[in-house]
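Everything below concerns the one structure shown next.
A note on names: the letters A, B, ... follow the listed sequences, proteins ahead of strands, and every chain is numbered from 1.
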Amino acid sequence: MRTRFPPSPTGFLHVGGLRTALYNFLLARKNGGKFIFRIEDTDQKRAVAGAVENLIETLKWAGLSYDEGPDVGGQYGPYIQSERTNLYKKYAEKLVEMGAAYPCFCTAERLDQMRKEQEQHKMAPKYDRHCLHLSKDEIEKLMTAKTPFVLRQRIPDSGGAHGGSVMWKDLIRSAVTFKYETIDDQVLLKSDGFPTYHLANVVDDHLMEITHVVRGEEWLSSTPKHILLYKVFGWKIPEFGHLPLLLNKDRSKLSKRQGDVAVEDYRRKGYLPEAVINFIALLGWHPGGDGVAKGMATQEIFTLEELIQKFSLDKVHKAGAVFDIEKLDWVNWQWRRKKFEEQPGEKSEKLLGLCSEFLPQEWLADKEFLKRCLITIGEKAIKNPQEAPEHLGFYFKKSFEIAPELIANPKMKVDMEIAKKAVAAVAESLESFDNFTDQEALKIRTMEVIQKLQLKNGQVLWPTRVALTGEAFSPGVFEVLWALGKEESMRRLKAVIAKCKMLL
RNA sequence: GCCGCGUUCGUCUAGUGGCCUAGGACGCCUCCCUCUCACGGAGGAAAUCAUGGGUUCAAAUCCCAUACGCGGUACCA
């Protein structure tokens, strides 16, 4: 078995493209076959510099290794279509000899005009074969006059020797049929000498001995043209499988307008390759729930290795799937946690390793302090290391404004008077307390204060926490005291007490 | 318009004629944990299986029609 992924180097790798690549990869790996990476750059106008390198880099990031490709070589190369143009020309000429293709000299204007008329008559736009009826002399004359021309595929007539239609058994959609009269005389070779997708694709897939063509649903209606080409060449027709599309929330084809579609966007935002692969694999495919009893959970998290083991094309769906970023976020969280837990080492060291690249240089000066801070935001740092600076900011501020309405929070039943009393009492108690390295001891000590004050936990702890952090949301009081240490904790508490006095 | 493909909770899905009073996951809601956020735990709402006809003792599952959605309709891939 040989599968392939042949993107166009028109920029970034689309998440839909990644999924197509993934399924081809899984299919090949599952069956001990080869996975081939090929560049389809026959459209010169759309080629983007650096796009090939970008595709290679992104596939590498995702962990989809290929056995043959432009950068790794292989015995069927070259793997870049623009380096194979003479090949396509040769086969195109063969088609002309066999009467399966013919030159067309029609101008863009005539074609436009023709289509407009067809549309007015509510007909499907289709080449009218104007140039098919050109005599040998006429063709020769136009050729010697160097009139630009293309080569068109000659679709057989209905009811001819080949019957009236082309049918194939799609790996995903079962039997699909197209009548000859609905198939256009597709351009095979462009006037610039480059082939179109239809020719290049068939020639390459044959020459590279591709056995399974698994691609997006957008190719479904051009498949009959490809099959016809295989037939006239007398080549073995590969298996075809057409994948459902990835959709926006409104069920239109996944597009840039409604969110990120480039794999690199997700990479940049901190999504793990394992998570993206896991999530995308399940968009249009599911291994099935064999032996899963009613009420039992089905597996949601898969490693690449598990995907390879469980993958099969007959479990691929026919309908499109909406790309739901919220589920991706959840899958990403599961993966971050899993990888963090599996990684050996001290938790604080691991957190530091995870976040340090996103933190300001100054914060790295006192590593022990930083590690304590990281411990207090724990899960949040694991969930998204890139956001760690936001959660840690208050630790590194020398001073901050505390809004009166933040510290005096009616929901917590705290007014300015209670706040002052609470923070002052905690500060006083802690002044003569030295065991700041023990969170449990800090808690016991503070609870005694609360009891003495005859206040609710929240009435004391809320203003204390706000006094220490200046934030509505933050780690808890005891964690912050522990991380900050006595000196800085006392400084912050006293500063707020002074401010409360002024406000009263 | 024409051709083709599709249709199970909001979303991803399990389901291949009786195990389905349709299961799981995300999200949402409630409660618990708790000084806040997050994490974690326990529950809940949520699909007349697109609709209408068949076939069958029995249909989400098979057949037909309709509706709706999507894709293609380029000298783009």
Nearest heavy atom decides the nucleotide; on that basis, is A:Ser221 or A:Pro195 closer to the 5' end of RNA chain B?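 With A:Ser221 and A:Pro195 compared, the 5'-side residue is A:Ser221.
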Let me know, please, whether A:Asp184 or A:Met123 comes out on the 5' side of the other along RNA chain B by nearest nucleotide.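 With A:Asp184 and A:Met123 compared, the 5'-side residue is A:Met123.
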Round to the nearest Å and state the distance from [X] atom [atom1] to [N] atom [atom2].
{"X": "A:Trp330", "N": "B:rG27", "atom1": "CH2", "atom2": "C1'", "result": "12 Å"}
{"X": "A:Tyr180", "N": "B:rG4", "atom1": "OH", "atom2": "P", "result": "15 Å"}
{"X": "A:Leu247", "N": "B:rG71", "atom1": "CG", "atom2": "C1'", "result": "10 Å"}
{"X": "A:Asp185", "N": "B:rA74", "atom1": "CG", "atom2": "C1'", "result": "14 Å"}
{"X": "A:Gln81", "N": "B:rC76", "atom1": "CD", "atom2": "C1'", "result": "13 Å"}
{"X": "A:Leu243", "N": "B:rA77", "atom1": "CG", "atom2": "C1'", "result": "16 Å"}
{"X": "A:Lys249", "N": "B:rC70", "atom1": "NZ", "atom2": "C1'", "result": "19 Å"}
{"X": "A:Phe473", "N": "B:rC37", "atom1": "CZ", "atom2": "P", "result": "7 Å"}

What distance do A:Leu283 atom CG and A:Leu245 atom CG have between them, rounded to the nearest 0.5 Å?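 One finds 11.5 Å between CG of A:Leu283 and CG of A:Leu245.
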Per [X] side chain, nearest of listed nucleotides [options]:
{"X": "A:Ala319", "options": "B:rG6, B:rC5, B:rA25", "answer": "B:rG6"}
{"X": "A:Pro125", "options": "B:rG40, B:rA74, B:rC70", "answer": "B:rA74"}
{"X": "A:Val150", "options": "B:rC70, B:rU36, B:rC75", "answer": "B:rC75"}
{"X": "A:Lys253", "options": "B:rC12, B:rC76, B:rG71", "answer": "B:rG71"}
{"X": "A:Leu283", "options": "B:rA25, B:rC12, B:rU36", "answer": "B:rC12"}
{"X": "A:Arg115", "options": "B:rA74, B:rA38, B:rU36", "answer": "B:rA74"}
{"X": "A:Lys318", "options": "B:rG6, B:rC35, B:rG15", "answer": "B:rG6"}
{"X": "A:Lys315", "options": "B:rA25, B:rA38, B:rG15", "answer": "B:rG15"}
{"X": "A:Arg152", "options": "B:rC75, B:rC39, B:rG4", "answer": "B:rC75"}
{"X": "A:Leu111", "options": "B:rC75, B:rU11, B:rC39", "answer": "B:rC75"}

Spacing of the [atom1] atoms in [M] and [N] (rounded, Å):
{"N": "B:rU55", "M": "B:rA14", "atom1": "C1'", "answer": "26 Å"}
{"N": "B:rC68", "M": "B:rU21", "atom1": "P", "answer": "32 Å"}
{"N": "B:rA46", "M": "B:rC9", "atom1": "C1'", "answer": "5 Å"}
{"N": "B:rG23", "M": "B:rA60", "atom1": "C1'", "answer": "13 Å"}
{"N": "B:rA42", "M": "B:rU36", "atom1": "C1'", "answer": "22 Å"}
{"N": "B:rC62", "M": "B:rU16", "atom1": "C1'", "answer": "10 Å"}
{"N": "B:rC2", "M": "B:rU48", "atom1": "P", "answer": "32 Å"}
{"N": "B:rU7", "M": "B:rA50", "atom1": "P", "answer": "9 Å"}

Given the structure, check if the side chain of [X] and the base of [N] hold any donor-acceptor pair shorter than 3.5 Å.
{"X": "A:Thr182", "N": "B:rC3", "value": "no"}
{"X": "A:Lys383", "N": "B:rA38", "value": "no"}
{"X": "A:Arg465", "N": "B:rC35", "value": "yes"}

A:Lys126, NZ: over 12 other non-hydrogen atoms inside 6.0 angstrom: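 For A:Lys126, atom NZ is crowded (more than 12 foreign heavy atoms under 6.0 Å).
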Across the strands shown, which category fits [X] at heavy-atom distances under 4.0 angstrom: base, sugar-phosphate, nothing?
{"X": "A:Val477", "answer": "base"}
{"X": "A:Gly284", "answer": "sugar-phosphate"}
{"X": "A:His317", "answer": "sugar-phosphate"}
{"X": "A:Lys190", "answer": "base"}
{"X": "A:Arg46", "answer": "base"}
{"X": "A:Glu300", "answer": "base"}
{"X": "A:Ser8", "answer": "sugar-phosphate"}
{"X": "A:Pro475", "answer": "base"}
{"X": "A:Thr10", "answer": "nothing"}
{"X": "A:Tyr197", "answer": "base"}

Could you check which nucleotide pairs with [N] in any of the strands shown, counting Watson-Crick or G-U wobble with both distances under 3.5 Å?
{"N": "B:rG4", "answer": "B:rC70"}
{"N": "B:rU51", "answer": "B:rA65"}
{"N": "B:rC37", "answer": "none"}
{"N": "B:rA46", "answer": "none"}
{"N": "B:rC20", "answer": "none"}
{"N": "B:rA25", "answer": "B:rU11"}

Presence of [X] side-chain N/O under 4.0 Å of [N] phosphate oxygens OP1/OP2:
{"X": "A:Trp333", "N": "B:rG40", "answer": "yes"}
{"X": "A:Arg251", "N": "B:rC12", "answer": "yes"}
{"X": "A:Lys45", "N": "B:rC76", "answer": "yes"}
{"X": "A:Thr42", "N": "B:rA77", "answer": "yes"}

For [X] and [Y], test the side chains for any donor-to-acceptor distance below 3.5 angstrom and give the result as yes or no.
{"X": "A:Lys225", "Y": "A:Gln186", "value": "yes"}
{"X": "A:Gln81", "Y": "A:Glu40", "value": "yes"}
{"X": "A:Glu109", "Y": "A:Gln113", "value": "no"}

Would you call A:Tyr271 and A:Phe279 a side-chain contact if the rule is heavy atoms closer than 4.5 Å?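 No - every pair of side-chain heavy atoms lies 4.5 Å or more apart.
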Ion pair check, [X] and [Y], cut-off under 4.0 Å:
{"X": "A:Lys327", "Y": "A:Glu300", "answer": "yes"}
{"X": "A:Asp329", "Y": "A:Lys269", "answer": "no"}
{"X": "A:Asp157", "Y": "A:Arg154", "answer": "yes"}

Residue from A:Thr376, A:Leu392, A:Leu468, A:Thr469 passing side chain to side chain contact (heavy atoms under 4.5 Å, CB included) with A:Pro475: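 The side chain to side chain contact (heavy atoms under 4.5 Å, CB included) with A:Pro475 is passed solely by A:Thr376 among A:Thr376, A:Leu392, A:Leu468, A:Thr469.
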